[in-house]
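In listed order, ligands and their atoms are each counted from 1.
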Amino acid sequence: MERLLFGTGGVPNSARGSSTTAGIERVAELGLGCMELEFVQGVKMGRETALAVAELASKRRITLTAHAPYYINLNARTLEKLKASQDRILQTARIAALCGAVSIVFHAAFYMKDAPAQVYEQVKKHLSQVTSQLRAEGNRVWIRPEVTGKTAQFGTLEEVLELSKDIEGVAPCIDFAHWHARTGKFNSYDEFSFALKQVENKLGRQALDNIHIHISGIAYGKHGELKHLDMADADLNYKDFIRAIIDHKVKGTIVCESPHREDDALLLQQTYRAILHQTNPR
Ligand SMILES: [Zn+2]
C-alpha cells in the first residue's frame, strides 16, 4: 500500500441504489478511497457480478475489501459447524479475489467458555487449513481475523496479532471501536500509539504499511460492544486516533462502520488531511 485510504463498510447510504457497483460509484464521487463489501448475511454474489465489480473498482481506483458472514465459529463443537465456518471463509475469499479485493475480514470464533489458550489452538489449526487450501488455489487475498467487540468472542488484539504471526497469509483487522468497547480503554493518543507499537513489535514495520482498520463510534457495556454509533454520538476520541495513525506513518485501509458511514469516513479523512497539513505545511 502506498498510502492510507478511507472508506465505508458497505454501500454508502447516499448511493443511487444498494448494489455494490452503485456503492463504488458513490465512494468515488465522494472522494473516498476504499469500500468493504458486506457479505455478513452470506455470500450471494455470482461470478459475473464479481467481475463487473472488479472492473469498475479498478476504473474508479477504489480499493476493495470484504467482510465474511457473521456465522463463523472456528471453535465450533461439531465437525459440521466447523466445516460450514471454514467454507464461509473460503467462499468469501474466492469471491473477493474475483472482485479484485485485497483482504477479507471475519470474526473467528466464540470462546464457548473454553480457556482462551485452548481456543487459540483450535482457531489456529482450523484457520491454517483454510489458508493452505487458498494457497493451493493461488488465492492471494489477505485473510484477516478481526479484533472483536464482545468479551464472549475470540479476538483480542493480542490473539489477532499472534495468529498473524503464526499463519502465513494472515494479517490483522484492527477494529479500534471494538477494542475500546471491549477494554473500556484504548481511547487516547498514548493508548492508540501503544496498540500500533504492539503491531509493529509483533509483525514488523510491513504490518503498519499494510494495515486494515475498522472504526466507528460505539456504545458498550460490561460485556463490550452494544452497537455502532456515529462519531458525534459516541466517546471515541477519533482526533487522537488520527494523530497516532499519522505519527506511526500507517498505510493501508481504514473502513468506517458508523451508521452514517460515508459522513464519518469523510470526517476521518478530512481530519487526517488537516492534521497532516499542519504537521507538514507546504
Ligand atoms: Zn466485523
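Using a 30° and 60° split on the angle between ring planes, H67 and H107 fall in the perpendicular class, above 60°.
Of all N, O or S atoms in H67, the one lying closest to the Zn ion (ligand 1) is NE2.
Using a distance-only test at 3.5 Å, with no hydrogens or angles considered, a donor-acceptor pair links the side chain of S85 to the main chain of K81. When atom types are taken as modelled, the side chain of N187 and the backbone of D235 share a donor-acceptor pair closer than 3.5 angstrom.
Applying side chain to side chain contact (heavy atoms under 4.5 Å, CB included) to Q86 and the options I72, L127, V130 leaves one that passes, V130.
Checking E146 against the Zn ion (ligand 1), an N/O/S atom falls under the 2.8 Å cut-off. Residue contact annotation: H107 places an N/O/S atom under 2.8 Å from the Zn ion (ligand 1).
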